[in-house]
Amino acid sequence: MKKVHIFGIAIIAVAIGIIVSTAGDASTYVNFTQAEELAMSGDNESIHVVGKLKKDSNGQILEMAYQPELDPNYFVFKLLDNNNREQKVVYRSPKPQDFDKSEQVVVIGRMEKEHFEAEKILLK
């Protein structure tokens with residue numbers, strides 16, 4: 001076999017290894033009930049939960065707390081998942097820009113005893 005062929009096979013093997021390793025880290029989309037079940041079973045993997053913000057008739061977000069003058073890295077809000085289960089979400093980073101304007105929110109993190117601990121928030 002030529003050195004070029006061996007080099008090509010090595011490149012392909014490395015590419016397959018990278019694809020397999022990133023596929024293993026992919027998290028799943030679940031609702032809050034499934035997230036709670038995963039947490040009870042001891043699964044600490046990051047999960048995605050899609051939901052809507054709880055808003056009043058004027059479009060104002062209800063049950064949201066962010067006081068940057070006291071703690072800029074503590075943001076709390078309520079999220080309704082696709083099954084209309086309401087859950088408190090705690091995000092230990094500054095409130096995302098344009099959060100108030102978003103229609104849907106994806107929270108990435110894990111379920112704790114009394115709340116969902118978000119590592120990332122994606123706005124839609």
Side-chain angles (χ1 to χ4, degrees):
M1 243 171 143
K2 294 182 180 181
K3 290 182 182 180
V4 173
H5 291 122
I6 294 172
F7 182 71
I9 291 172
I11 294 286
I12 292 171
V14 169
I16 290 172
I18 290 171
I19 291 170
V20 168
S21 69
T22 57
D25 293 338
S27 59
T28 57
Y29 283 88
V30 297
N31 58 41
F32 286 125
T33 304
Q34 293 168 326
E36 195 170 52
E37 291 169 0
L38 286 170
M40 287 178 157
S41 69
D43 188 352
N44 287 332
E45 298 279 323
S46 287
I47 53 174
H48 291 70
V49 178
V50 180
K52 297 179 204 168
L53 297 170
K54 199 173 169 188
K55 296 184 179 182
D56 65 12
S57 59
N58 295 329
Q60 298 294 333
I61 298 173
L62 300 172
E63 300 183 52
M64 176 179 70
Y66 181 59
Q67 298 175 327
E69 61 280 351
L70 296 177
D71 187 357
N73 292 321
Y74 187 77
F75 176 47
V76 179
F77 60 96
K78 294 279 180 129
L79 190 68
L80 293 168
D81 68 8
N82 291 335
N83 292 341
N84 285 327
R85 177 177 168 182
E86 181 180 309
Q87 184 65 48
K88 177 181 173 182
V89 177
V90 175
Y91 183 55
R92 298 184 193 279
S93 290
K95 179 178 141 185
Q97 201 171 18
D98 294 333
F99 184 83
D100 302 334
K101 298 176 185 175
S102 61
E103 292 297 319
Q104 271 195 326
V105 176
V106 178
V107 289
I108 304 168
R110 63 187 49 84
M111 196 71 165
E112 298 291 333
K113 288 184 181 182
E114 297 178 4
H115 66 276
F116 186 87
E117 188 76 29
E119 300 164 1
K120 291 182 185 177
I121 297 177
L122 306 175
L123 306 175
K124 292 185 175 186

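With rounding to the nearest 0.5 Å, the separation of CG in Asn73 from OH in Tyr66 is 7.0 Å. Atom NZ of Lys52 sits about 9.0 Å away from atom CD of Glu103, to the nearest 0.5 Å. Lys95 NZ to Ile121 CD1: the interatomic distance, rounded to the nearest 0.5 Å, is 10.5 Å. Here CD of Glu117 is found 11.0 Å from OH of Tyr91. Values are rounded to the nearest 0.5 Å. Put simply, CD on Gln34 and CD1 on Ile47 are 8.5 Å apart, with the number rounded to the nearest 0.5 Å.
A donor-acceptor pair under 3.5 Å is formed between the side chain of Asp56 and the backbone N or O of Asn58. The closest donor-acceptor contact from the side chain of Glu36 to the backbone of Thr33 lies at 3.5 Å or more, if one exists at all.
Hydrophobic side-chain contacts under 4.5 Å tie Val4 to no other Ile, Leu, Val, Met, Phe, Trp or Tyr residue.
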Distance-only donor-acceptor pairs under 3.5 Å for side chains of residues 74-81, two or more places apart:
| unit_1 | atom_1 | unit_2 | atom_2 | d |
| --- | --- | --- | --- | --- |
| Lys78 | NZ | Glu63 | OE1 | 3.4 |
| Lys78 | NZ | Glu86 | OE2 | 3.3 |
| Asp81 | OD1 | Asn83 | N | 2.9 |
| Asp81 | OD1 | Asn84 | N | 3.1 |
| Asp81 | OD1 | Arg85 | N | 2.9 |
| Asp81 | OD2 | Phe32 | N | 2.9 |

Distance-only check: which donor-acceptor pairs under 3.5 Å involve side-chain atoms of residues 104-112, not counting sequence neighbours?
| unit_1 | atom_1 | unit_2 | atom_2 | d |
| --- | --- | --- | --- | --- |
| Arg110 | NE | Asn44 | O | 3.1 |
| Arg110 | NH1 | Glu119 | OE2 | 2.6 |
| Arg110 | NH2 | Asn44 | O | 3.0 |
| Arg110 | NH2 | Glu119 | OE2 | 3.2 |

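Minimum interatomic distance between Asp100 and Lys55 (heavy atoms only, all atoms of both residues): O-NZ, 3.8 Å.
No side-chain heavy atom of Asn31 sits under 4.5 Å from any side-chain heavy atom of Val49.
Note on Val89: it clusters hydrophobically with Leu38, by side-chain heavy-atom contacts below 4.5 Å among ILVMFWY residues.
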Next item on the list: Before giving the answer on side chain to side chain contact (heavy atoms under 4.5 Å, CB included), spell out for Lys101 and Leu123 the whole-Å C-alpha distance, their side-chain angles and the decisive distance to 0.1 Å.
Entry: CA-CA 9 Å; Lys101 298 176 185 175; Leu123 306 175; over 6 Å; no
